[in-house]
Amino acid sequence: MQKIFYEVNSLDKRCYEEFALTEDILMEHASLSMANYIEKNFEKQQSILIVSGTGNNGADGIALARLLYKKFDVKLYIPFGIKSKMAQLQLKRAELLGIEAVDEVEESDIVVDCLFGTGLNKELNKKSQNLINKLNSFDAFKLACDIPSGINNIGQISTVAFEADVTITMGALKVSLFKDVVKDFVGEIIVANLGIQRELYETQTDIYLLDEEDLKLPLRNKKDSHKGSYGHLNVVAGCMKGAGVISAKAAFGFGVGLVSVICHENIDLPYHIMQTHKLTKNCTAIAIGMGLGRYEEKEIKTILKKDIPTIIDADLFYEEVILEALNKEVVLTPHPKEFCALLKLCGIDDISVETLQDNRFQYVELFCNKYPKVVLLLKGANVLIGQDKKILVNCFGTAVLSKGGSGDVLSGLIGSLLAQGYGSLDAAISGSLAHALAASKYKKNNYSLIPADLVEEVKKL
């Protein structure tokens with residue numbers, strides 16, 4: 001896991017006060033990180049257009065121009081002049097080397113965006129919008145310094161934003177890089193060393209980015225075992241029975257020993273999946289909500305009151321009966337619309353999906369503060385997993401997963417791990433990572449995935 005912060009100005013200040021590092025030293029390392037990336041990945045004398053703003057993000061760009069000058073064909077463009085003292089100092093250094101700013105942007109092999117950075121806190125004017133649109137139109141490799149220009153300090157885009165292939169962010173990861181709306185703009189995210197290792201630069205946080213290594217697969221290492229050794233998941237199927245069947249198939253392929261589908265009508269199931277009309281006596285986990293539709297409230301209440309690990313999805317987020325389960329350690333997996341309905345049911349807030357998407361981290365925090373035992377998995381381009389004070393980000397999701405049934409597979413994966421004895425948070429983490437990483441390995445056209453394909457990819461992890 002990697003730490004994520006809402007802001008890093010306080011971390012910079014700590015470097016000045018505790019480690020006697022100066023603003024100049026941090027800036028030199030920031031620019032050197034970008035220079036090293038460019039030198040490693042591009043050939044000498046390729047053309048580089050560096051677009052610098054008025055403040056310290058622009059100063060990073062001017063310093064970058066100095067570091068690459070003569071080795072590359074550097075074009076430094078400063079459209080709005082300079083204001084900060086560091087930008088003035090960096091420009092003086094560049095001019096003493098013989099670097100002259102160009103009067104207009106032009107096509108180049110590489111475009112480096114150093115316009116605004118994380119300090120942007122207002123809407124872009126028309127000149128800035130036109131400039132960013134023109135940079136986006138260039139057939140070039142695009143690199144953003146700290147954060148693509150047009151994304152504000154809380155991860156929102158009001159008009160346009162620079163479309164980066166790579167973002168080299170300074171010192172530490174920021175929350176603003178992991179909002180859903182910015183995923184199409186940030187590209188690959190690399191953290192720049194600012195003169196000390198991240199372990200020293202970073203401080204305490206409750207927000208973390210999940211890595212592939214955080215996936216803990218349910219590998220079997222005991223020879224003396226039987227099907228009962230690996231749990232029994234009960235999947236509650238509703239009027240849209242296919243959703244429950246998909247979850248059951250996904251669960252069986254992810255290590256659980258037994259799967260039973262609870263349904264009062266006979267349904268067509270694979271031979272290895274059982275059907276029952278009520279919870280089995282040896283049930284070790286419950287998956288409920290997928291395709292549930294109309295239901296008998298008394299029966300659902302009885303199921304939710306059981307002291308058995310449970311994952312809840314889909315239709316139940318619109319029904320008050322879900323409140324029965326929020327005082328214990330359950331896993332909830334809503335998509336944004338469902339989460340808005342849940343927030344309203346819980347009396348936290350009555351908001352639109354758009355408001356939620358602009359403030360995903362804040363609303364996950366609000367919900368988890370009210371229900372600290374619950375593990376919340378908020379679906380999206382970047383999945384957020386929260387419990388109590390902790391929020392974890394899974395950024396491995398792709399558009400491949402934007403298909404009906406993908407969420408039912410996720411419920412099955414998490415339910416399978418719960419049945420095998422994983423804790424709720426660990427089940428949500430590994431189920432979510434397996435789900436996203438399996439999709440990322442899918443080799444056919446990215447519009448073609450069906451739930452069975454996703455289950456097959458999970459088996460190969």
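- At most 12 non-hydrogen atoms from other residues, nucleotides or ligands lie less than 6.0 angstrom from CG of D139.
- Annotation: K370, atom NZ; neighbour count of heavy atoms from other residues, nucleotides and ligands within 6.0 Å is above 12.
- Minimum interatomic distance between M170 and K174 (heavy atoms only, all atoms of both residues): O-NZ, 2.8 Å.
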Could you go through residues 450-461 and list every donor-acceptor pair under 3.5 Å that involves a side-chain atom there, pairing it with any protein atom two or more places apart or in another chain?
from: D453; atom 1: OD2; to: I450; atom 2: N; distance (Å): 3.0
from: E456; atom 1: OE2; to: K459; atom 2: NZ; distance (Å): 3.0

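- Separation of the F367 and Y371 ring centroids falls under the 6.0 Å cut-off.
- In this structure, T167 contributes its side chain and T169 its backbone to no donor-acceptor pair below 3.5 Å.
- Shown here for G155 and S176, the closest heavy-atom pair between the two residues is N-CB, 3.5 Å.
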Test side-chain contact (heavy atoms from CB on, under 4.5 Å) on Y363 and I351 and set out the steps. CA-CA 10 Å; Y363 279 103; I351 58 170; 3.3 Å; yes

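- Under the 4.0 Å criterion applied to side-chain N and carboxylate O atoms, D180 and R360 are assigned as salt-bridge partners.
- Residues Q387 and C368 approach most closely at N-SG, 3.9 Å, considering heavy atoms.
- Counting heavy-atom neighbours within 6.0 Å of E18 CD, excluding the residue itself, gives a total above 12.
- With K328 contributing its side chain and K306 its backbone, the two residues share a donor-acceptor pair below 3.5 Å.
- Counted within 6.0 Å of NZ on K379, heavy atoms from surrounding residues, nucleotides or ligands total more than 12; the atom is thus considered enclosed.
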Decide side-chain contact (heavy atoms from CB on, under 4.5 Å) for R14 and S10; before the verdict, give the C-alpha distance in whole Å, the side-chain angles of both, and the deciding distance to 0.1 Å. CA-CA 6 Å; R14 178 169 164 267; S10 61; over 6 Å; no

Could you please spell out the steps behind the side-chain contact (heavy atoms from CB on, under 4.5 Å) verdict for H435 and S406? CA-CA 8 Å; H435 187 250; S406 293; 4.2 Å; yes

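- The two atoms that bring S432 and L377 nearest to each other are CB-CD1, 3.8 Å, heavy atoms only.
- Ring geometry for F80 versus F116: interplanar angle under 30°, hence parallel rather than tilted (30 to 60°).
- Checking each of V235, I262, I308 against I286 for a side-chain contact (heavy atoms from CB on, under 4.5 Å) leaves exactly one that passes, namely I308.
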Tell me, with the steps shown, if D313 and E338 meet side-chain contact (heavy atoms from CB on, under 4.5 Å). CA-CA 9 Å; D313 189 29; E338 292 164 347; 4.2 Å; yes

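- Residue-environment remark: CG (N445) exceeds the threshold of 12 foreign heavy atoms within 6.0 Å.
- Nearest heavy-atom pair across I322 and L326 is O-CG, 3.6 Å.
- A donor-acceptor distance shorter than 3.5 angstrom exists from the side chain of K179 to the backbone of D358, with no hydrogens or angles considered.
- Under a 3.5 Å cut-off, the side chain of E324 and the backbone N or O of K305 do not form any donor-acceptor pair.
- For residues 229-269, the ring-ring contact (aromatic ring centres under 6.0 Å, His included) pairs, not counting sequence neighbours, are F252-H272.
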